[in-house]
Amino acid sequence: MEQLLYARQRVKSWFVAHEMYLMPAIKFLLMLLVLLVMNWHLGYRYMMMRWVLVILASLVSCLLPWSGMTAVAALYLLGHVSALSWEGAVILGAMMFIAMMLHYLFLPGGSFLIVLMCLTCYLKVPFLVPLVVGIFGSALSFLPVGIGIMMYYTMLSLEQNAAYLLDAGNSIADCFLQILSGLRGDSKMILMLLALCLTTLAVYGLSHLAVDYARLIAVGTGGILILLLHILGGFLFNASVSYMSVLGGCVLCSALAAVISFWGDIVDFSRPEYLQYEDDEYIYYVKAFPKVGLTEPERKVKEINSHRETRSSRRDAD
């Protein structure tokens, strides 16, 4: 365990030393992955699928803050959807407007979680974001998680109804009703929305409890809660749920979330400290745990010159 902590400390120190170059590279690769997934599933505007434009948009995004990257991804998405259906673009634009209001009013800096939620849904690991965000986020982190799920299922509905929306014989009202009816009757979307939003709140609450190993307990409980809510929701909403895939996703995402939480602050629960102080009205009893901070021992290199030692020994012998 100590060697693992030393490795963690070395990686974190290396990352801090090269953060100026690593963060733009991470942003570039993440935006490139987002655009490639978008082109694969919603590639309706062929001009936006060109590699030159994809690389250029990713390069521009690596120089922007996270909210700027969200804006680039939103414009790219609207460009694709507008080629399929202006009605779908209006619905997604309304969702993006609500997300923007939530971003500026309640959760500054959390808008990119919507993009991550959509991306993990396409990558078949949707449970990862609620487990991680519940640990490192705030109590309102369930809002971008919920909006991300709604946007994913909206894009999925557009993809499934592409033939109907491209038919010129259908009116604008019919296209709107087709999209909205598909969302309203989608029991899987309602189940995912409730399960992942409740899991985000549960993980946040458990990870902030004053108990030992609160983060690991929160991650494990969150994985179990997702599975139980899917089993219960499958009966209540009459939704077809693959319980084995949900179980495998819970185990995989819980393990990944536990590994990610390892890179946060680690507390040494074996060395509690008890403090007592008081003011005019109260006496405070505090139980504190120190953070684990390791510094690698300095290596002492001892230089041995064999030629000099041999000569000095010969002189002593003479």
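Only heavy atoms go into these numbers, but all of them, side chains included; no hydrogens, no water, no symmetry mates. Everything quoted here is computed from the prediction, not taken from an experiment.
Not a single donor-acceptor pair under 3.5 Å links the side chain of Arg215 to the backbone N or O of Ser207. Distance alone, capped at 3.5 Å, is enough to place a donor-acceptor pair between the Lys27 side chain and the Leu64 backbone. At least one donor-acceptor pair under 3.5 Å links the side chain of Ser141 to the backbone N or O of Ser138.
Between the CD1 atom in Ile147 and the OG1 atom in Thr154 there is a gap of 11.5 Å [rounded to 0.5 Å]. Of the inter-residue distances, the one linking Met192 atom CE with Tyr152 atom OH reads 7.5 Å to the nearest 0.5 angstrom. To the nearest 0.5 Å, atom CD1 of residue Ile231 and atom CG of residue Leu247 are 8.5 Å apart. The CE atom of Met117 lies 5.0 Å from the CG atom of Leu196; values are rounded to the nearest 0.5 Å. With values rounded to the nearest 0.5 angstrom, Thr120 atom OG1 is found 11.5 Å from Leu256 atom CG. Once rounded to the nearest 0.5 Å, the distance linking CD1 of Ile190 with CG of Leu193 reads 8.0 Å.
Between Cys253 and Val125, the closest heavy-atom pair is SG-CB, 4.0 Å. Between Leu225 and Ala202, the shortest heavy-atom contact is CD2-CB, 3.7 Å. When all heavy atoms are compared, the tightest approach of Pro130 to Val145 is CG-CG1, 4.2 Å. In plain terms, the two heavy atoms of Leu201 and Ala139 that are nearest each other are CD2-O, 3.4 Å. The two residues Tyr204 and Gly137 come nearest to each other via the heavy atoms CE1-O, 3.6 Å. Met96 and Ala74 get closest at one heavy-atom pair: SD-CB, 3.6 Å.
Side chains of Leu116 and Leu30 form a contact here, defined as non-hydrogen atoms less than 4.5 Å apart. Side-chain contact between Val81 and Tyr44 is absent, with no heavy atoms from C-beta onward closer than 4.5 Å. The shortest side-chain heavy-atom distance between Met155 and Leu77 falls under the 4.5 Å cut-off. When side chains are defined from C-beta on, Phe142 does not count as touching Thr199, because their heavy atoms never get closer than 4.5 Å. No side-chain heavy atom of Phe127 sits under 4.5 Å from any side-chain heavy atom of Leu252. Contact check for Ile114 versus Thr70: no side-chain heavy atoms found under the 4.5 Å cut-off. The shortest distance between side-chain heavy atoms of Ser58 and Leu35 falls below 4.5 Å. A 4.5 Å side-chain heavy-atom check between Leu191 and His230 finds at least one atom pair inside the cut-off.
The hydrophobic clustering, which links ILVMFWY residues whose side-chain heavy atoms are closer than 4.5 Å, places Val72 and Met49 apart. In the hydrophobic cluster analysis, where Ile, Leu, Val, Met, Phe, Trp and Tyr join through side-chain heavy atoms closer than 4.5 angstrom, Ile55 is grouped together with Met38. Under a hydrophobic-cluster definition in which Ile, Leu, Val, Met, Phe, Trp and Tyr are linked whenever side-chain heavy atoms come within less than 4.5 Å, directly or via other members, Val203 and Val251 are assigned to the same cluster. Residues Val34 and Met23 share a hydrophobic cluster, clusters being chains of Ile/Leu/Val/Met/Phe/Trp/Tyr side chains in contact below 4.5 Å. In terms of hydrophobic clustering, with Ile, Leu, Val, Met, Phe, Trp and Tyr side chains grouped at heavy-atom distances under 4.5 Å, Leu119 and Met31 are assigned to a common cluster.
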- Task: Dump the intermediate steps for side chain to side chain contact (heavy atoms under 4.5 Å, CB included) on Met69 and Cys62, then the final yes or no.
- Result: CA-CA 8 Å; Met69 294 176 62; Cys62 74; over 6 Å; no
- Message: I'd like to know whether Tyr76 forms a side chain to side chain contact (heavy atoms under 4.5 Å, CB included) with Leu53, so could you lay out the CA-CA distance, the side-chain angles of the two residues, the decisive distance to 0.1 Å, and finally the verdict.
- Response: CA-CA 10 Å; Tyr76 219 87; Leu53 189 58; 4.1 Å; yes
- Task: Just do the side chain to side chain contact (heavy atoms under 4.5 Å, CB included) check on Trp51 and Leu36 with the steps written out, would you?
- Result: CA-CA 10 Å; Trp51 276 99; Leu36 290 178; 3.8 Å; yes
